[in-house]
Amino acid sequence: MSLVLCLMSMATFAQKEVTVKAGTLVPLQVVNPTKAADVSVGQKVAFRVSRDINVDGITAIPYGTTVNGTVYEAKKSSWWGTKGRLGIKISEMYGPNGEMIPLTNGDVYVTGKNRTALSVVLFALVVWPACFICGSKAEIPAGYEVQANVAANTLVKVN
């Protein structure tokens, strides 16, 4: 029994600490397709780390680690050719043992195509239903890649 307890305590002390340096590149992918028309400001959007982040030969942030971004702008396309807009800010993630890792430069901003000029010209010259022409939608497909950087040196415990 004491041998088992000794082995268990050694396993808990086997954790190593590595410092993920500020500026370290963290490649991310969108988990699910996201459309501006389907989300609202403040909603979370799931991303995942798309490859292991190694520090001194040790995996500090493993592939697949979930990262949440927060929607700061969500405008669906509308009449008169107005384009859709979608903005997501990625500001932090949590390491394998729960450490918060601050991120920077992780904003995602996509827009649809603006068709206002087409809508106005057709409305003026042709027929009134042209005002119902919408701009294209703002959407991010699953797997869309974005990069963020670690904002500050962060100590991460790894097994």
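What you see is a predicted model, and the numbers here were worked out from it, not measured in a lab.
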field: Partner residues of Asn149 under the side-chain hydrogen bond (donor to acceptor under 3.5 Å, both in side chains) criterion, sequence neighbours left out
entry: Asn105

message: Suppose we screen for salt bridge (charged side-chain N to carboxylate O under 4.0 Å, His left out). Which residues come up paired with Asp38, at least two apart in sequence or across chains?
response: none

message: Within the structure provided, determine whether Phe47 and Tyr144 are in side-chain contact (heavy-atom separation under 4.5 Å).
response: no

side-chain contact (heavy atoms from CB on, under 4.5 Å) partners of Gln147, counting only residues at least two apart: Leu25

message: Nearest 0.5 angstrom please: Glu73 CD to Arg85 CZ, how far?
response: 5.0 Å

message: Quick check: do Pro33 and Pro141 have side-chain heavy atoms less than 4.5 Å from each other?
response: no

message: With a 3.5 Å distance limit and no angle check, can you tell me whether Ser91 reaches the backbone of Lys89 through a side-chain donor-acceptor pair?
response: no

field: With Glu17 via side-chain contact (heavy atoms from CB on, under 4.5 Å) - residues at least two apart
entry: Leu155, Lys157

Straight-line distance of Arg48 CZ to Gln29 CD, nearest 0.5 Å: 5.5 Å

Donor-acceptor pairs are to be reported for all side-chain atoms of residues 54-61 against protein atoms at under 3.5 Å, with residues two or more places apart or in another chain.
unit_1, atom_1, unit_2, atom_2, d
Asn54, OD1, Thr59, OG1, 2.9

Hydrophobic cluster membership, Val110 vs Val31, 4.5 Å side-chain cutoff: no

- request: Let me see the working for Val49 and Leu28 under side-chain contact (heavy atoms from CB on, under 4.5 Å), right down to the final yes or no.
  value: CA-CA 5 Å; Val49 176; Leu28 304 169; 3.9 Å; yes

field: Thr24 (side chain) donor-acceptor with Ala22 (main chain) under 3.5 angstrom
entry: no

query: Residues two or more places apart in sequence or in another chain: which of them pass side-chain contact (heavy atoms from CB on, under 4.5 Å) with Asn68?
result: Lys44, Ala46, Thr66

task: Look at the side-chain heavy atoms of Ile, Leu, Val, Met, Phe, Trp and Tyr, link any pair under 4.5 Å apart, and say whether Val39 and Ile88 land in one connected group.
output: yes

- prompt: In a check of side-chain contact (heavy atoms from CB on, under 4.5 Å) between Val146 and each of Asp107, Val30, Ile90, which one passes?
  reply: Ile90

- prompt: Taking all atoms of both residues into account, what is the closest heavy-atom pair of Ile53 and Pro27, and its distance?
  reply: CD1-CD, 3.7 Å

- request: State, with a plain yes or no, whether a side-chain heavy atom of Pro96 is found less than 4.5 Å away from one of Val156.
  value: yes

message: Just so I know, are the side chains of Met93 and Ile101 near enough to count as touching, which here means a heavy-atom distance under 4.5 Å?
response: yes

